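Reading through the structure tokens given below for one structure.
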Amino acid sequence: MACRYLSHRGTSGSATTTECWPSFRELLWDLVRRIPAGKVSTYGALAEAMGDRGAARAVGAELSGNPTPPDPPCHRVVYADGGIGWYGGRGRGAEEKERLLRSEGVEVSQGRVDLSRHLFSDFRCRPFLTEMREEQDAVASAVTNGGAEPALVSAMDVSYRGDEAFAARVDFLLDSGEETGHRLHRRRVDLPYIPGYLSYREGPALLPLMEDDGRLHLVDGHGLLHPRRAGIACHLGVRGHRCAGAAKSLLCGVLSDESVLVDGEERGRMTGGYYVSVGSNVTLDQACEALERLLDIGIDPCRRAHRLASDFKRSS
DNA sequence: GCGACAG
DNA sequence: ATCTTGTCGC
């Protein structure tokens, strides 16, 4: 199956990521512990060991939360140019980081480590981010357009507190705009936000809320308007649900009139302040018309879902 | 130097 | 996304 990360366990209906993918956090700290004293690595190198250099910022964000420094030796992780970087977060502690490195035999001059002498790069690690990209290619090829005109629309969003996700879905009748109900779901997440991998962070929290009764699900994020045509709306859509993405900003593509083009191809459309793109089982026209219809009668379903998820978190 | 990326 | 103070507009 193309979506291991969303696979169900038995008949319980629960879907987890941990069954299929390693934990970003655990894997990262394992890697950091392998850097010997006297050596350093870089944020990008650690990200690359896990399969994508683009996750370098997520690596830095996780390392900045080291609860017991200097035990997992996050001070041995520096910038790609040898710059010392921060220690303890928010621009603080470069001196302490430099002192620790010097005490371990790392030469620091002009505020920089000579990476040609001190770079450790003997990481052997499952490149799971690469595997996720490969899965995204399979997801993209499974996307389908079309279906009957939707009469029901549900908007979905997720709010966070630490590694806990609070997901919400709000339902509307398309013709009257009447709000007919909502569903909530709370769960732990174990992947940080990494551009291009949003579906692996938020998908597991949203999937249990989806319903295969012909309704169109509008998800906060992109569908085909993604570097590998596999945004979160596609991941959820290829599970058999009708799904489109509605995002507030672009991940890729250029705006040309109302269309968003990638390599000259229309992958999405800007309407009502949202970038809309197909997830699966719906056409771009249908998704845009549904959103426009609700906006026209004064209802912003995405904002409603955002507030519901936010309220759900606050009251939990 | 430029560009900088859903949530 | 979240954090957090201040500020603007209805």
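Worth saying up front: this structure is predicted, and the values here are computed from it rather than measured. Hydrogens, waters and symmetry mates are skipped; everything else that's a heavy atom, side chains included, is used. Below, chain A is the first sequence line, B the second, and so on; all start at residue 1.
- Residue A:Arg57 is in base contact, counting any heavy-atom pair closer than 4.0 Å across all strands shown.
- When only modelled atom types and interatomic distance are considered, A:Tyr87 and A:Asn66 share no side-chain donor-acceptor pair under 3.5 Å.
- Counting only distance, with no hydrogens or angles, the side chain of A:Ser277 and the backbone of A:Gly223 share a donor-acceptor pair below 3.5 Å.
- Put simply, chain A comes within 4.0 Å of DNA chain B, heavy atom to any atom, from B:dA4 to B:dG7, going 5' to 3'.
- A salt bridge links A:Asp220 and A:Lys248; the closest N-O separation between the charged side-chain nitrogens and carboxylate oxygens is under 4.0 Å.
- Within a 6.0 Å sphere centred on CZ of A:Arg33, heavy atoms belonging to other residues, nucleotides or ligands number more than 12.
- Between A:Arg215 and A:Asp171 a salt bridge is recorded (basic side-chain N to carboxylate O distance below 4.0 Å).
- No donor-acceptor pair under 3.5 Å is formed between the side chain of A:Lys97 and the backbone N or O of A:Gly85.
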*Applying salt bridge (charged side-chain N to carboxylate O under 4.0 Å, His left out), run through A:Lys39 and A:Glu104 and close with a yes or a no.*
CA-CA 8 Å; A:Lys39 293 287 186 180; A:Glu104 296 176 346; over 6 Å; no

_From CA spacing to verdict: salt bridge (charged side-chain N to carboxylate O under 4.0 Å, His left out), A:Arg112, A:Asp81_ = CA-CA 8 Å; A:Arg112 286 193 182 186; A:Asp81 65 358; 3.3 Å; yes

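- If you check every strand for non-hydrogen atoms under 4.0 Å, A:Tyr160 touches sugar and phosphate atoms only.
- Nucleic acid contact for A:Gly245: none, since no nucleic acid atom lies under 4.0 Å from a heavy atom of the residue.
- In 5' to 3' order, the nucleotides of DNA chain C bounding all contacts with chain A (an atom under 4.0 Å from a heavy atom) are C:dA1 to C:dT2.
- Within 4.0 Å (heavy atoms only), A:Tyr197 reaches at least one base atom of the nucleic acid.
- Residues A:Val260 and A:Val254 are not in side-chain contact: their nearest non-hydrogen atoms beyond the backbone lie 4.5 Å or more apart.
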_Pairing annotation in dot-bracket form, given for DNA chain C with Watson-Crick or G-U pairs under 3.5 Å and | for cross-strand partners_ = ..........

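- Cation-pi contact between A:Arg307 and A:Phe312: absent, since separation from the ring centre below 6.0 Å together with deviation from the ring axis within 45° is not met.
- Using bins of under 30°, 30° to 60° and over 60° for the plane-to-plane angle, the ring pair A:Tyr79/A:Tyr43 lands in the tilted bin.
- At the heavy-atom level, A:Leu250 lies under 4.0 Å from the strands shown only through sugar-phosphate atoms.
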